[in-house]
Amino acid sequence: MKSDPDIGLVQKAKKGNRAAFGELVNRYYEMVYVLAYGVVNNREVARDVTQDVFIKVYERLHKFDEKSKFKTWLYRVSVNAAIDQHRKKKPVQSIDVTDAAEESDRAPVVMTDTAPSPRDQAHQEELKARMKEALSKLSEDHRAILILREWQGLSYQEIAESLEIDHGTVMSRLFYARKKLGEVLTAQNMNDNSG
Amino acid sequence: MENDKETKLIQKLYKEVIQEEIARPDFKLEKKAFIEEHFSRESFWLMRPAVLVPALSLCCVLFLFQLAPMKSFLNLPSQTPPVVDDAVDLSAEPGQRHVIDEEASVEGKAGDEPRENTDPDVDVKWARSEVGSVMVYQKDVGDVPITVVWVFTPTEAPGL
């Protein structure tokens with residue numbers, strides 16, 4: 001493992017230095033928020049999850065054994081907290097593919113007529129709104145993996161460590177998350193065209 | 001090719017949606033407020049509310065205890081005969097300025113050196129009143145104002 005750039009602050013925070021932990025919060029607040037938002041897809045809930053995560057992490061910092069990077073540990077805690085929170089508040093609303101469906105071999109989805117025109121701001125906004133809606137229809141697991149890969153830019157290995165799943169599951173889950181997102185966006189587009 | 005284009009478009013849209021979310025002006029305020037509330041710079045341990053409030057309360061109690069001797073002294077004249085000295089100068093005419101004994105003229109000093117006429121060490125040699133034979137003043141100590149009356153009565157003083 002490469003040296004952890006956060007280890008100094010972590011050790012100070014473990015000794016009770018709140019300001020040192022405040023620096024870690026300052027570094028990773030956006031990251032945790034985005035992870036939470038990516039999973040729960042709700043601004044207020046994401047904020048609550050983010051702040052809960054940091055408070056709990058500070059309280060349980062002594063449990064961090066420093067075998068992995070602090071950031072990786074924080075990813076794991078954040079994603080789990082967000083998934084737990086989302087499941088608690090919104091039982092099941094996704095129409096996501098199941099693990100069995102992930103194994104199926106579907107035809108590639110082709111999106112049509114969704115390319116944003118730089119001249120058309122309204123169209124761009126509409127696309128973003130569709131994206132938000134499409135994301136809301138994914139499962140928490142798929143949203144989590146999308147955010148880690150597409151936004152955080154983590155490698156498959158890092159995602160596997162963060163989510164404590166194996167490398168193959170990362171690949172398949174990511175593939176089907178993207179595919180499902182494409183399907184939902186396409187379906188939205190078709191509905192609009194037919195309407 | 002179509003798939004690549006579509007994937008890139010989805011990625012782009014996705015990033016824009018997320019970017020918008022953390023670019024909100026109130027997002028930074030929320031972050032700052034959270035850090036300040038929970039993880040701001042370590043204040044000196046004595047200045048933390050959990051320590052400071054009890055400490056100040058203790059100081060107040062100790063201060064009141066410090067005032068207790070003064071309070072009992074100030075109550076003294078009403079309970080015991082007044083201190084009378086044979087050198088009391090009652091010859092002053094109204095309006096004429098007289099020098100009064102320091103202990104009597106300065107309230108604060110009176111409390112600094114409590115004197116009881118039963119104390120054999122007390123030996124007032126000389127006292128004068130600038131306001132006549134009776135001097136009344138009031139002092140607020142704690143919740144109860146104390147009225148102190150000094151009566152200079154040389155004719156009743158023993159030994160005169």
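Since the structure is predicted, the reported quantities are computational estimates derived from the model, not experimental observations.
Side-chain atoms of A:Gln51 and B:Glu37, non-hydrogen and from C-beta on, never get closer than 4.5 Å to each other. Residues B:Phe39 and A:Asn26 have side chains not in contact (no heavy-atom distance under 4.5 Å, counting atoms from C-beta outward).
Ring planes of B:Phe34 and A:Tyr29: tilted class, angle from 30 to 60°.
Of the two parts of A:Leu24, neither the backbone nor the side chain holds a non-hydrogen atom closer than 4.5 Å to a non-hydrogen atom of chain B. For chain B, the nearby parts of A:Phe54 are the backbone and the side chain; heavy atoms of each come within less than 4.5 Å. Only the side chain of A:Arg47 comes within less than 4.5 Å of a heavy atom in chain B; its backbone stays farther off.
Between chain A and the options B:Glu36, B:His38, B:Lys32, heavy-atom pairs under 4.5 Å are most frequent for B:His38. Most heavy-atom pairs under 4.5 Å with chain B: of the set A:Arg178, A:Glu30, A:Arg43, A:Arg149, this distinction falls to A:Arg43.
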Query raised in the report: So B:Tyr14 and A:Leu135, side chain to side chain contact (heavy atoms under 4.5 Å, CB included) or not? Walk me through it.
Result: CA-CA 9 Å; B:Tyr14 184 71; A:Leu135 284 168; 3.4 Å; yes
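Rounding to the nearest 0.5 angstrom, the gap separating the CD atom in A:Glu125 from the CD atom in B:Glu16 is 8.5 Å. Separating the CG atom in A:Leu127 from the CG atom in B:Leu9 is a distance of 6.5 Å, to the nearest 0.5 Å.
Of all the heavy atoms in B:Ile35 and A:Val25, the pair that sits closest is CG1-CG1, 3.6 Å.
Residue A:Lys14 places its NZ atom among more than 12 non-hydrogen atoms of other residues, nucleotides or ligands, all under 6.0 Å distant.
When each of B:Glu30, B:Glu21, B:Lys31 is checked for a side-chain hydrogen bond (donor to acceptor under 3.5 Å, both in side chains) with A:Tyr33, only B:Glu21 meets the rule.
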